[in-house]
Structures are given as structure tokens and as C-alpha cells.
Amino acid sequence: MSKKKNKKNQNDINNPQVDNPQVDNPQVDNPATGGDEPVIAEDPQVIDSKMDEEGNVVFASDSYAVQDPKKKIIALIIGIAILVTILVVSIIAILQYKSYTRVFQDTDYPVAYREEKDRTLTMILRDDNTKKIKWNVEVADSDFVDVTLKGRDSGKKAKFIFSPKMAGVTKVTFAKSVDAAGTKIDLIKMDYVIYVSETVDGLKVSVVDEPNLEFGKEVIGSGTAYPIILNGDLSYFGDEESESGHLIFIKGKNDWNVEIESANVATDEFSTGDRVDIVLYYSEQGNESEDAADEDISKPDPEKATKLDADFEEEPAFDAGTSVETNTETDALEIESKAEIKFTSASLGITEVRLATFYKDGHIEFSKVEK
């Protein structure tokens, strides 16, 4: 009996009973036996990583910033506010632009003016031509209105304020002038008729009638000892009452060289003291016919001389090129010819080109040509 019991106990020792074999006696896979390898979950950070230039591990997910919803709303509100501000500013700018009356917009001297709420008048003058010269202001009767400069006159832009003093009408002239060898030359002039009226709220300034713009004379080399005045008016010469030429060398020609790039422009030159005047006019044959005519007149045949010839020689010289049968508004607008004129002075270091437009009534307009 004892032998059987011992045998039972021996079996118990060799084969112990395990209540939970998964915990107390876990199964360990042995790769050497050829079993399947365990599935190990990969670290998402390792998948999302890369190496930088210095060999450091950088996770791509670090660059993905999760925005705060509040920040999105704030950014949206700021964007809308900016758009509204731009819209409001644009509307105000358009309304202000329309509130001005604009004149001379197709010239180099555009002007804008408007009546203000305080019953004054604001006038803004621009100059895209003679930018370095400031405006001169002249009031015909200062008892009615004061004109003051607001800010500074840069030459290119100036703002003036008209303030009422007493009811009435006067003329205000804006001009740009230069002093050419002691002679004042007006380059541009503007005339405005200003009306100061009485209202319930007080005196008020306004512009009446159409303003007038006059292109005066232009000066080349105004700051030098030998300036040239370009005169576009009708010009005649030969007697004391005649007007000056189109090109006026007020102190002499010095080394000025004038080249006219047209065969249809004739010239006549005369001098008084140091001053030299050159008259320009349109001619189908240029100076050739004039030279021939001068030769015929200067060398008359004594055998064919008549009293008519003597009377002709005694008559003062006259610029036939500017003589026209009629002088109407149509003639003042009809163009006969155009020519570029090049002015060069080596001693003064100046080379400038002007386009001369010849009209049927005899006047000429000069405009700058960029070379």
C-alpha cells in the first residue's frame, strides 16, 4: 500500500497541475523551431521621422500645427475688416474726386478746384512741364479775396485757398515766369474770374465763367548768359512797330547752333545790337526760293530798273511767310507743317530739341521732344 502512494506522489511531482497555463506557464515561441514571428506594432513617430542635415532625427508631424479655432475666427474677422476699410477708402476717394471741377486736363497744366463747406475755394494746380519754377499769384483787386498758399509750392504741385473779404468780382492770375537776361518772360498764364457772393451763412467764393489758359514764351538756357526765347506769336520784322522773331537770342547767338530738320521751313534773321531774331515760317521750297528772290532784288538790271523797283526797295522788309489772306479761327487751327528744331551749345553744354508746329495763321507752337 505504501508503494502505490509513493508512486502517486512521484507522478504529482513530475507532472504538477497548473490552474492557468497562460499565466503561470507561458508559451515561448522559439524562432529556431521555424514558427511564425510575432507581429510588433511600429512606432508612428519612427514612420513620420527623417534625418536633418546634421544627422538629427526630425519628426514631420512636428511641422503640422493644429490651429486654434479661435485664431481662425480672429484671422477671418481681420481680413473682413481690411476689405471693408479698403472699400470705404475707395468710396471716399471717388466722392472727393467727383467733388472737384477739373479744367485743362488735356494739357501739362491740369487744375482742380472746389467750393468748401466753410465757403472758401480750394484750387490745386499741377505742372508736368516747368516743374522747377514756382507759381506767381496776382489778384486784380485784393479788396474782394485773399489767395494763400497751403503747404509749399513744389513747382510740380501747389494748393491755394481763396478766402472771401467782401462781395464783388475780381480776376486772379497764376503765372510762371523766368528772368532771361533782365527780361521777364511769361511761360504760362491762367486767368480766373472769382466771384464773392453774399449768402445766408456769409460770404462765399466761387469761380465764374470759363478760366483762360495762355501758353506764353519758353526759354532754353534760362540760367545761362545766352538764353533763347521761343516765341510762338505772329511775328513780323522790318520796322519799329513789328513784333520780334520766333527765336530770340536776347544776348546774342554766341555758339548756339540751330538745326531745322525740314526742307519746308524757311528762316529770316536780323539783329539789333547784341540781340538776334530769327523768324521761322512754312514754305514749300524752304529757303531756296528766298535766296533766289534776294539775289534778284539785290542785283537789279540797271537797264530794266523802274520807279516800281525803287518804291519796292524803299518799302520796309516784310515776312511774306507769315502773310495770309485771311486770319480766321479755322486758320488758327489748320496745321501747315511740323519740323524738329535742334538747339546745341557746346560752351553751355546744352542740347535740346523742340517740335515746331506751323499754323496757317502764322503762329507756331513749340513742344519738347525727348531724345
> Just wondering, more than 12 heavy atoms not from F104 lying within 6.0 Å of its CZ?
Replying inline: yes
>> Evaluate V219 against I228 for side chain to side chain contact (heavy atoms under 4.5 Å, CB included), listing each step before the verdict.
In response: CA-CA 6 Å; V219 179; I228 305 174; over 6 Å; no
> Can you name the closest pair of heavy atoms from I220 and I350 and give their distance?
Replying inline: CG2-CG2, 4.3 Å
> Can you find a side-chain donor-acceptor pair between N257 and E259 that sits under 3.5 Å?
Replying inline: yes
> Residues two or more places apart in sequence or in another chain: which of them pass side chain to side chain donor-acceptor pair (under 3.5 Å) with S262?
Replying inline: none
> Between P110 and Q105, what is the shortest heavy-atom contact and its length?
Replying inline: CB-NE2, 3.5 Å
> So which pairs with a foot in residues 197-207 pass side-chain hydrogen bond (donor to acceptor under 3.5 Å, both in side chains), sequence neighbours left out?
Replying inline: E115-K204
>> Give me each pair satisfying salt bridge (Lys or Arg N to Asp or Glu O under 4.0 Å) with a member in residues 127-151, each pair once, sequence neighbours excluded.
In response: R126-D128, D127-K176, D146-K165
> Under the criterion side chain to side chain contact (heavy atoms under 4.5 Å, CB included), which of I341, L280, D268 is the partner of H246?
Replying inline: L280
> Can you name the closest pair of heavy atoms from D255 and A346 and give their distance?
Replying inline: OD2-N, 3.3 Å
>> With ring-ring contact (aromatic ring centres under 6.0 Å, His included) as the rule and sequence neighbours excluded, what pairs involving residues 138-162 come up?
In response: F160-F174
>> Listing request: all salt bridge (Lys or Arg N to Asp or Glu O under 4.0 Å) pairs with a residue in residues 343-352, at least two apart in sequence or in separate chains.
In response: E352-R354
> In Å, rounded to the nearest 0.5 Å, how long is the span from OH of Y226 to CG of D274?
Replying inline: 8.5 Å
> What residues, two or more places apart in sequence or in another chain, satisfy side chain to side chain donor-acceptor pair (under 3.5 Å) together with D191?
Replying inline: T173
> To the nearest 0.5 Å, how far apart are CH2 in W135 and OG in S177?
Replying inline: 9.5 Å
> Using 4.0 Å as the upper bound for N to carboxylate O, is an ion pair formed by R114 and E116?
Replying inline: yes
> Will you find, in the side chains of N264 and S337, an N or O donor that is under 3.5 Å from an N or O acceptor?
Replying inline: no
> How many angstroms lie between atom OH of Y359 and atom NZ of K338, to the nearest 0.5 angstrom?
Replying inline: 7.0 Å
